[in-house]
Engineer: 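I am attaching a structure below and will ask some questions about it afterwards.
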There are 2 protein chains.
Amino acid sequence: MNAKQQAKYEARAKIIKALAHPTRLFIVDELSKTEQRCVCELTEMIGVDMSTVSRHLALLKNAGIVEDEKRGSMVYYRLRMSCVLKFFDCIESVIACNAANQQQLLT
Amino acid sequence: MNAKQQAKYEARAKIIKALAHPTRLFIVDELSKTEQRCVCELTEMIGVDMSTVSRHLALLKNAGIVEDEKRGSMVYYRLRMSCVLKFFDCIESVIACNAANQQQLLT
DNA sequence: CCATGCCTTGTCGATTTAGCCAAATAGGCA
DNA sequence: TGCCTATTTGGCTAAATCGACAAGGCATGG
């Protein structure tokens with residue numbers, strides 16, 4: 001693998017890594033349902049420290065998946081690349097396929 | 001977020017995490033082009049220790065993304081859920097969108 | 001101006017991850 | 001049997017990640 005290839009896969013991995021956490025998946029899911037949410041709302045829903053949520057959001061933003069907008073003292077986040085939602089169908093089918101496989105091993 | 005929700009997002013995150021590494025993305029890409037590859041071939045292409053490649057493959061297998069088949073003394077891996085390939089279009093568009101944004105900041 | 005609420009950032013400890021080397025396992029072949 | 005190759009696994013270190021708490025910045029409302 002040459003340097004250019006390497007860079008390509010690293011760039012891709014960075015985006016995927018940004019999604020690779022339950023809390024961040026929840027955030028993406030939530031923003032697909034509700035257009036925009038402030039940090040405090042998400043914090044409330046998730047149930048971890050606000051600083052932790054803030055960092056998750058910063059990470060998603062840095063990857064280009066969400067964007068933020070400050071209004072007054074609140075910061076609202078919304079989905080910037082909604083194509084990531086398409087991942088979920090495939091993910092679910094992987095999970096279902098794994099489950100079916102597990103099942104089969106028992107018989 | 002209740003326990004069931006939590007579990008759902010964790011299961012999803014596990015799959016995504018399995019893809020969140022440049023080497024593993026390379027492997028998936030390669031298996032989309034060539035149907036099957038043994039560990040030694042992939043090791044050759046990637047240029048890290050075979051034990052490292054073996055672990056990456058085990059991780060992908062554990063997530064249900066690839067499957068393996070032992071033939072003689074070699075182990076061949078192939079893609080099990082090719083739907084993950086669909087991720088790449090979206091990923092590329094995120095990258096392109098980020099780049100366009102960067103560009104705009106310079107003007 | 002001060003208090004309060006919203007948010008981000010610095011720091012720390014605990015956990016996970018990635019890579020290497022060495023050792024163990026397993027198949028193929030002389 | 002004994003060597004060689006292919007692969008996995010154990011052990012180790014360095015680096016990254018996550019979560020909590022504390023402190024600081026900024027806006028709002030008395």
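Excluded from the calculations below are hydrogen atoms, water molecules and symmetry mates; all remaining heavy atoms, backbone and side chain alike, are included. We name chains A, B, ... by the order of the sequence lines, and we start the count at 1 in each one.
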Engineer: Can you tell me how the ring of A:Tyr9 sits relative to the ring of B:Phe26, calling it parallel under 30°, perpendicular over 60° and tilted otherwise?
Structural biologist: perpendicular
Engineer: For A:Lys17, report the nucleic acid contact type (base, sugar-phosphate, nothing); a contact means any heavy atom under 4.0 Å.
Structural biologist: sugar-phosphate
Engineer: Side chains of A:Thr107 and A:Gln103: is there a donor and an acceptor less than 3.5 Å apart?
Structural biologist: no
Engineer: Using heavy atoms and a sub-4.0 Å distance, could you list which residues of residues 20-31 of chain B are near DNA chain C? By number, please.
Structural biologist: B:His21, B:Arg24
Engineer: Take the protein atom CD1 of B:Ile46 and the nucleotide atom C1' of C:dG19, then report the distance between them rounded to whole Å.
Structural biologist: 13 Å
Engineer: Does a salt bridge link A:Arg55 with A:Asp49, judged by any charged N lying under 4.0 Å from a carboxylate O?
Structural biologist: no
Engineer: Tell me: CG of B:Leu60 to C1' of C:dT17, nearest whole Å?
Structural biologist: 14 Å
Engineer: Please determine whether a side-chain nitrogen of the Lys or Arg among B:Glu69 and B:Arg71 lies less than 4.0 Å from a carboxylate oxygen of the Asp or Glu.
Structural biologist: yes
Engineer: Can you check the A:Glu44 CD to C:dG5 P distance for me, whole Å?
Structural biologist: 14 Å
Engineer: Is there a path of hydrophobic side-chain contacts, each under 4.5 Å between heavy atoms of I, L, V, M, F, W or Y residues, that connects A:Leu42 with A:Met74?
Structural biologist: no
Engineer: Output the rounded distance in Å from CG (B:Leu19) to P (C:dT17).
Structural biologist: 14 Å
Engineer: Let me spell it out: for each of A:Gly72 and A:Val48, pick the nucleotide of DNA chain D with the closest heavy atom. Which residue's pick is nearer the 5' end?
Structural biologist: A:Val48
Engineer: What is the distance, rounded to the nearest whole Å, between atom NZ of B:Lys70 and atom P of C:dT25?
Structural biologist: 13 Å
Engineer: Any cation-pi pair here, B:Arg37 with B:Tyr76, using under 6.0 Å and within 45°?
Structural biologist: no
Engineer: Is the phosphate of D:dT17 approached by A:His56 (side-chain N or O, under 4.0 Å from OP1 or OP2)?
Structural biologist: no
Engineer: Which pairs, protein N/O on one side and nucleotides 7-9 of chain C N/O on the other, fall under 3.5 Å?
Structural biologist:
| residue | atom | partner | partner atom | Å |
| --- | --- | --- | --- | --- |
| C:dC7 | OP1 | A:Val39 | N | 3.4 |
| C:dC7 | OP1 | A:Val75 | N | 2.9 |
| C:dC7 | OP1 | A:Val75 | O | 3.4 |
| C:dC7 | OP2 | A:Cys40 | N | 2.5 |
| C:dT8 | OP1 | A:Tyr77 | OH | 2.8 |
| C:dT8 | OP2 | A:Ser54 | OG | 2.5 |
| C:dT8 | O5' | A:Ser54 | OG | 3.3 |

Engineer: Using the disulfide (SG to SG under 2.5 Å) rule, collect all pairs that involve residues 72-107 of chain A, keeping only residues at least two apart or in two chains.
Structural biologist: A:Cys83-B:Cys90, A:Cys90-B:Cys83
Engineer: Would you call B:Arg12-A:Asp29 a salt bridge at under 4.0 Å N-O?
Structural biologist: yes
Engineer: May I ask you to say whether A:Glu67 pairs ionically with A:Lys61, meaning some side-chain N is under 4.0 Å from a carboxylate O?
Structural biologist: no
Engineer: Using atom CZ of B:Arg71 as one end and atom P of D:dT7 as the other, report the distance to the nearest whole Å.
Structural biologist: 11 Å
